[in-house]
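The structure appears right after this line, and notes come after that.
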Amino acid sequence: MNKFYLCNAIAYVNGKPHMGHVLEYIFADAIRRYHILKGEDVFYQNGTDEHGSKIYKTAKDQGLEIQEMVDKNNQTFVNVCKLLNVEYDVWIRTSSDHHKKGAQKLWSKLDEAGDIYKDSYEGLYCVGCEAYLNEKDLVDGKCPNHLKEPEKLKEENYFFKLSKYSDQIKDLIESDTLKIYPEGRRNEMLALCEEGLKDVSFSRPKKVLPWGVNVPDDDDQVMYVWCDALSNYITCLGYGSDDESNFEKYWPCDLQMIGKDILRFHGGIWIGMLLSAGIEIPKALGVHGFITSEGQKMSKSLGNVVDPSEIIEQYGLDALRFYLTREVPTGDDGDFSKERFAIVYSSDLANNYGNLVSRVLAMVNKYDVNIKSEFDVEGFNGVFEKYSEYVEGFDLKKAVEEVLRYLDTLNTLIEETKPWALMKEGNVEEATKVLSNLVEGVRRASIMLWPFIPGTVEKVFGYLNLESNISFADLESTIDDGHQVGTAEPLFPRVEV
RNA sequence: CGCGGGGUAGAGCAGUGGCAGCUCGUCAGGCUCAUAACCUGAAGGUCGGAGGUUCGAAUCCUCCCCCCGCAACCA
């Protein structure tokens, strides 16, 4: 059995989950379910990134113990996954002991490879912020928050020799040993390698960053985000613990899902670290974009922040899952619009899919059709192949569209064959043939839709009186002769807007 | 001269050399199995602008205009 290890970026628990997290979770879950249908041994990681000066600061501002705040926020991410029907196999938290141990093991490997060195870092440090500021953030040379000129501060910390791996990473991407989807992002990463990846600062003095993973054998230094957070993809498999069996079984990762903002870290730093440590690199990176709301960046001040739970309450979970996978280009930015949502819901879900299920099952019941195990594959030819190609090429939107096109052909087929007319003419044989074909078509389309709208498809399988332990292997057979189907309730009822 | 993405029908998008396409919306017709759903047809575009290469350009080249990201220690 093939294994499939799927990762997504871990969420920074400085705030609450937003639509961007939801987007990634749903994409990941759809891909995860697709591979389950393929019959693979799927392992899906998820979790939270819980260190860093921002979290330290937020906790202090809120007057909370750091661990307390982190626990609280972590729970909101766990809850949102549950709400979304996103099922992960492991939930990694970077503040957990076993993660810290793994991160330290990885650090030691890099050190042993001679890729970690000490150097001084010079920056503009604002005492008020307790952090380094960027030159571009300054207003008249002063910190905009504290209206004070930051001090030029020099500190010793560790660096990672990423520059050493620049060419090697470029070769790996060019040869598709490391695939990057979509192509535009691949080009972007190649261009970065072309310019030359630079060494990265890898630690912070404890006095600057007190909340993090200790650097092995140096009591004064704490790991900066790279080794701490990126290592989660292997520590969640037990890397660095007493039991590395999952690491041996599932690594390397088959697909790592990330947002476009962190491409350079995953395509550059992370790969460099793995090369240095002598660990295999991921096979592919899938890069998605951002989601806007009504054409604008979601922000509290604009008041256009979309709360996923409200949408779910109004339209149902699968409608949200469907909207995000069908409407947002998988590798690009997309928009969340209430108007579009209503259109997609009624046109694709209610009218196309939902109504098709209703009319087919209604006729089968009404005309008391004795279903025949035969399927006219014409119309279905090539659909599954294209659908698969799209999912594997990290284009969920096109995959869904492929199924929608197939649903169209089924609706058209009904018009062309007019089963109700056939029954009136007493042509039971032909009507049976057509309706058996339609039931089988609905079954096949539903299988392909399961990764996207699992709850709905399971309902349809219930109406069809079929077991809901679905797999793509079921596409190779047809429904049994004489199979009895049940009746259907509307899958996507009209929603008053 | 920083890097990149984009400008195609009312809206949203596909389309990298060969009669300009899809979805939604609009209009007209058909059907009655179905969630007033479904099917067919029509209207609607000088493919951001200018120039060039070519028998032929949305697609290749040059220049210009407009929008949006990124510019590495915030993740």
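All values below were derived from every heavy atom in this structure, side-chain atoms included, with hydrogens, water molecules and symmetry-related copies excluded. Keep in mind that this is a model prediction, so the values were computed, not measured.
Look at the P atom in both B:rG51 and B:rG56: the space between them is 16 Å, to the nearest Å. Using P as the reference atom, B:rC39 and B:rU23 are 10 Å apart when rounded to the nearest Å. Annotation: B:rU26 and B:rG6 have their C1' atoms spaced 28 Å apart (nearest Å). Distance check on atom P: B:rA37 versus B:rA28 gives 16 Å, rounded to whole Å.
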Give the C-alpha distance, both sets of side-chain angles, the deciding distance and a yes or no for salt bridge (charged side-chain N to carboxylate O under 4.0 Å, His left out) between A:Lys118 and A:Asp218. CA-CA 12 Å; A:Lys118 221 168 188 182; A:Asp218 189 334; 3.7 Å; yes
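Within the 4.0 Å cut-off from OP1 or OP2 of B:rC38, not a single side-chain nitrogen or oxygen of A:Asn352 is found. Taking 4.0 angstrom as the limit, A:Tyr353 places none of its side-chain polar atoms (N or O) nearer than this to OP1 or OP2 of B:rU35.
Atom CD1 of residue A:Ile92 and atom OG1 of residue A:Thr235 lie 3.5 Å apart, to the nearest 0.5 angstrom.
At least one test fails for A:Arg444 against the ring of A:Tyr406: distance under 6.0 Å to the centre or angle within 45° of the axis.
Distances were taken from every side-chain heavy atom of A:Asp408 (C-beta onward) to each of B:rC24, B:rC39, B:rC74; the shortest belongs to B:rC39. If you check B:rA14, B:rA37, B:rC33 against the side chain of A:Lys398, the one that comes closest is B:rA14. Listed nucleotides: B:rC39, B:rU35, B:rG69. Nearest to the side chain of A:Phe492: B:rU35.
Within 6.0 Å of atom CD in A:Glu389, 12 or fewer heavy atoms from other residues, nucleotides or ligands are found, so the atom counts as exposed in its surroundings.
Look at B:rA36: it lacks any Watson-Crick or wobble partner with both distances under 3.5 angstrom. The nucleotide B:rU26 finds its pairing partner in B:rA42, both defining distances of the Watson-Crick or G-U wobble pair being shorter than 3.5 Å.
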